[in-house]
Undergrad: 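If you scroll down you'll find the structure; I have some questions about it.
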Amino acid sequence: MPLDPFFRERLRTHRRYLAKKAWQDLTARFRPEKPAAPASASASAKKTLTPRERHRRAALNWDRMELRTAGIPGPDMETTDVAVPVDGYPDVRIRVYRPATAPTPAPACLVIGGGAFRIGGIDYPTADASCRRRADRSGVVLVAVGYSLAPERRYPTQIEQAHAAWVWLHAHAAELGIDPDRIGLNGASAGGCLAASLTLLNRDRGTRQATLQILEVPVTDLTGRWIDLRATYALGIPALVALRELRSVARTYLGDRSRAHEQYASPMRAASHAGLPPAVVLTAEYDPLRRDGATYAKKLREAGVDASATRYLGVTHDTPIYVGALPAARRWEDEVVAALRRL
């Protein structure tokens, strides 16, 4: 299916930006240097930021703009932030969203967001708004995990933090008014990798298993075995660029890329997928991770797990953000809300 007009226009804008930046970078080499002006206090503060900090600040500003221009803010509701201790690793922040529509005891879902393991978090505007909307519409208590970012903290820190949050949620279910027999998992992109890995960890450690797992555009094999370059080619993105980005993500998260063969880094590579919870997998046609999601659903089915896989046509990896401007994004959220109501 052709790329949705909404994304076609954004792609044109992005290409113009890249062309302009490339031209500026090229011509800057031939411009004479200007005498340095006295630095203001704000300029000095900006210069102290590392490239990674500048990148994260730009990502946060972009996320704020996307919510304002193409998203839908979330409704007011009761939220609670908690720092959960993790044995051998940094504490993990979680945020509990309790909608007024939640029964007592209520079903719950642990939510693990994306961001290539190196940006994003529970304070990002689109992530917060999404949890608020989905909790309100489903009547399910959502518990968002603010795991540590790479490369400051690398694998398996994030999985251990997610597991600690999972154990904490069950241990405190009574005081939170949550039914421990109805707790699901939801992960998107890098968070989809962590959510799928958490189900393996729960099975292998004998921890109580999730009732349901909802995986949105998940990356499930960090070796790149299932990356689908036809999706990037259709967007006019060279294969080399897509492959370089995947390698960068894996290197940043894992440190040693050979660890991508481990099952908790790449849940697709688990020796067995038996005993895992039912799965709802959502993928996008113009996303190089589409085979990661579809093939993982296939692996689950072959292991006797109830798994469905839906591919949304004409849309890209970050579709769920654009519920304010894109009908497909609203339908996507409807499907996630319907899955949450199954809890």
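Just so you know, these numbers come straight off a predicted model, no measurement behind them.
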Undergrad: List the steps, then state whether side chain to side chain contact (heavy atoms under 4.5 Å, CB included) holds for Arg257 with Leu222.
TA: CA-CA 8 Å; Arg257 282 185 52 215; Leu222 288 174; over 6 Å; no
Undergrad: Quick check: closest heavy atoms across Thr283 and Ala294, and the distance to 0.1 Å?
TA: CG2-N, 4.1 Å
Undergrad: Hey, what do you get for NE2 (His55) to CZ (Arg52), rounding to the nearest 0.5 Å?
TA: 9.5 Å
Undergrad: So, the side chain of Arg98 versus the backbone of Ala106: is there a donor-acceptor pair under 3.5 Å, distance only?
TA: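 Looks like no, no N/O pair under 3.5 Å.
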Undergrad: Check whether any side-chain N or O of Ser197 sits under 3.5 Å from a backbone N or O of Cys193 as a donor-acceptor pair, and report yes or no.
TA: yes
Undergrad: Do Val111 and Cys131 touch side chain to side chain, with heavy atoms closer than 4.5 Å?
TA: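 Side chain of Val111 against side chain of Cys131, heavy atoms only: contact under 4.5 Å found.
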Undergrad: Whether Arg291 and Glu285 form a salt bridge (side-chain N of Lys/Arg under 4.0 Å from carboxylate O of Asp/Glu) is what I want to check.
TA: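 So Glu285 does not pair with Arg291 through a salt bridge.
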Undergrad: Parallel, tilted or perpendicular: which fits the ring planes of His273 and Tyr296, with parallel below 30° and perpendicular above 60°?
TA: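 The arrangement is perpendicular - the two ring planes meet at more than 60°.
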Undergrad: For Phe6 together with Tyr322, are the ring centres under 6.0 Å from each other?
TA: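 Under 6.0 Å, so yes.
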Undergrad: Inspect the contact between Glu335 and Arg311 and indicate whether a charged nitrogen and a carboxylate oxygen are less than 4.0 angstrom apart.
TA: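 Salt bridge: no.
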Undergrad: Quick one: does any side-chain atom of Asp292 pair with a main-chain N or O of Thr220 as donor and acceptor, under 3.5 Å?
TA: yes
Undergrad: Is the backbone of Arg341 close enough, under 3.5 Å, to the side chain of Ser138 for a donor and an acceptor to pair up by distance?
TA: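 The answer is no, because no donor-acceptor pair under 3.5 Å joins these two groups.
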Undergrad: Using the rule that Ile, Leu, Val, Met, Phe, Trp and Tyr join whenever any side-chain heavy atoms are under 4.5 Å apart, tell me whether Leu340 and Ile72 fall into a single cluster.
TA: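 Looking at the clustering, Ile72 is in a separate group from Leu340.
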Undergrad: Would you say the side chain of Cys109 lies within less than 4.5 Å of the side chain of Leu343, judging by non-hydrogen atoms?
TA: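 Answer yes - side chains close enough.
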Undergrad: How about His317 and Ser189: does a side-chain donor come under 3.5 Å of a side-chain acceptor?
TA: yes
Undergrad: Same cluster or not: are Val92 and Tyr264 linked, directly or through other Ile, Leu, Val, Met, Phe, Trp or Tyr residues, by side-chain heavy atoms under 4.5 angstrom apart?
TA: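 Linked within one cluster.
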Undergrad: If you measure only the distance, is there a donor-acceptor pair under 3.5 Å linking the side chains of Glu78 and Tyr97?
TA: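 Looking only at side-chain atoms, Tyr97 and Glu78 do not form any donor-acceptor pair under 3.5 Å.
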Undergrad: When rounded to the nearest 0.5 angstrom, what is the spacing between CD in Glu160 and OH in Tyr147?
TA: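 These two atoms lie 15.5 Å from each other.
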Undergrad: Can you tell whether the side chains of Arg208 and Asp181 come within less than 4.0 Å, N to carboxylate O?
TA: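 Salt bridge: yes.
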Undergrad: Between the side chains of Thr252 and Arg118, is a donor N or O closer than 3.5 angstrom to an acceptor N or O?
TA: yes
Undergrad: Assess whether a salt bridge exists between Arg93 and Asp123, defined as any Lys/Arg side-chain N lying under 4.0 Å from an Asp/Glu carboxylate O.
TA: yes
Undergrad: Please determine whether a side-chain nitrogen of the Lys or Arg among Arg134 and Glu333 lies less than 4.0 Å from a carboxylate oxygen of the Asp or Glu.
TA: yes
Undergrad: Kindly compute the distance separating CG (Leu276) from NZ (Lys299), expressed to the nearest 0.5 Å.
TA: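 The distance works out to 12.5 Å.
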Undergrad: When rounded to the nearest 0.5 angstrom, what distance separates CD1 in Ile227 from CG in Asp221?
TA: 9.5 Å
Undergrad: Would Val337 and Val281 show up in the same hydrophobic cluster when neighbours are defined by side-chain heavy atoms closer than 4.5 Å?
TA: no
Undergrad: Please assess Ser272 against Arg203 for the test side chain to side chain contact (heavy atoms under 4.5 Å, CB included), listing each intermediate value before the final yes or no.
TA: CA-CA 11 Å; Ser272 169; Arg203 181 195 65 186; 4.0 Å; yes
Undergrad: Could you check whether Thr223 and Arg269, counting side-chain N and O atoms only, form a donor-acceptor pair closer than 3.5 Å?
TA: yes
Undergrad: Check the pair Asp91 / Val84 against side chain to side chain contact (heavy atoms under 4.5 Å, CB included), numbers first and verdict last.
TA: CA-CA 5 Å; Asp91 293 355; Val84 176; over 6 Å; no
Undergrad: Assess whether a salt bridge exists between Arg56 and Glu53, defined as any Lys/Arg side-chain N lying under 4.0 Å from an Asp/Glu carboxylate O.
TA: no
Undergrad: When you compare the side chain of Val143 with that of Arg95, does any pair of heavy atoms fall below 4.5 Å?
TA: no
Undergrad: Please lay out, stage by stage, how Tyr286 and Asp4 fare under the test side chain to side chain donor-acceptor pair (under 3.5 Å).
TA: CA-CA 10 Å; Tyr286 290 90; Asp4 188 281; over 6 Å; no
Undergrad: So does Leu282 get a backbone contact from the side chain of Tyr312, meaning a donor-acceptor N/O pair under 3.5 Å?
TA: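 No.
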Undergrad: Kindly indicate whether the side chain of Leu194, heavy atoms from C-beta on, has any atom under 4.5 Å from the side chain of Phe117.
TA: yes
Undergrad: State the CZ-OG1 distance between Arg331 and Thr319, to the nearest 0.5 angstrom.
TA: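 That separation rounds to 13.5 Å.
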Undergrad: Closer than 3.5 angstrom, by distance alone: can the side chain of Gln161 be matched with the main-chain N or O of Pro90 as a donor-acceptor pair?
TA: yes
Undergrad: If you count heavy atoms of other groups shown closer than 6.0 angstrom to CG of Asn61, is the number above 12?
TA: yes
Undergrad: Please report the C-alpha distance between Asp318 and Thr316 in whole Å, then the side-chain angles of each, then the deciding distance to 0.1 Å, and finally whether the side chain to side chain donor-acceptor pair (under 3.5 Å) criterion is met.
TA: CA-CA 6 Å; Asp318 50 356; Thr316 65; 2.8 Å; yes
Undergrad: Do Asn186 and Gln213 have a side chain donor and acceptor closer than 3.5 Å?
TA: no
Undergrad: Compare all side-chain heavy atoms of His163 with those of Leu198 and state whether any distance is below 4.5 angstrom.
TA: yes
Undergrad: Quick one: closest heavy-atom pair of Pro75 and Arg133, and the distance?
TA: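 Answer, listing the atom of Pro75 first, then Arg133: CD-N, 3.8 Å.
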Undergrad: Quick check for you: to the nearest 0.5 Å, what is the distance between Leu3 atom CG and Leu313 atom CG?
TA: 11.5 Å
Undergrad: With distance as the sole test, does Arg154 use its side chain to make a donor-acceptor pair with the main-chain N or O of Leu254 at under 3.5 Å?
TA: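 The answer is no, because no donor-acceptor pair under 3.5 Å joins these two groups.
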Undergrad: Indicate yes or no: at least one non-hydrogen side-chain atom of Leu185 is less than 4.5 angstrom from one of Ile214.
TA: no
Undergrad: Do Tyr124 and Ile119 come close enough that some side-chain heavy atom pair is under 4.5 Å?
TA: yes
Undergrad: Identify whether the distance between the nearest side-chain nitrogen and carboxylate oxygen of Arg132 and Asp128 falls below 4.0 Å.
TA: yes
Undergrad: Does the Gln209 side chain pair with the main chain of Thr199, one donor and one acceptor, at a distance under 3.5 Å?
TA: yes
Undergrad: Tell me if a side-chain donor or acceptor on Arg182 pairs with a main-chain N or O of Ala108 at a distance below 3.5 Å.
TA: no
Undergrad: Just wondering, do Asp334 and Val336 contact through their side chains at under 4.5 Å, heavy atoms?
TA: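 SC-SC contact between Val336 and Asp334 ruled out.
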Undergrad: So, for Ala307 and Ala297, which heavy atoms are closest and what is the spacing to 0.1 Å?
TA: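 In this case the closest contact between Ala307 and Ala297 is CB-O, 3.8 Å.
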Undergrad: Ile112 and side chain to side chain contact (heavy atoms under 4.5 Å, CB included): which single residue from Leu215, Val145, Ile122 fits?
TA: Val145
Undergrad: With clusters defined by side-chain heavy atoms of hydrophobic residues (ILVMFWY) lying less than 4.5 Å apart, directly or transitively, does Met77 cluster with Leu176?
TA: no
Undergrad: Could you tell me which non-hydrogen atom of Ala339 sits nearest to which non-hydrogen atom of Leu212, and how far apart they are?
TA: O-CD2, 3.4 Å
Undergrad: Among the clusters formed by ILVMFWY side chains lying less than 4.5 Å apart, do Leu235 and Val217 turn up in the same one?
TA: yes
Undergrad: One pair to check against side chain to side chain contact (heavy atoms under 4.5 Å, CB included): Glu66 and Thr69. What are the steps and the verdict?
TA: CA-CA 5 Å; Glu66 294 298 76; Thr69 60; 3.9 Å; yes
Undergrad: Please check if the side chain of Thr126 supplies one atom and the backbone of Leu67 the other of a donor-acceptor pair under 3.5 Å.
TA: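 The answer is no, because no donor-acceptor pair under 3.5 Å joins these two groups.
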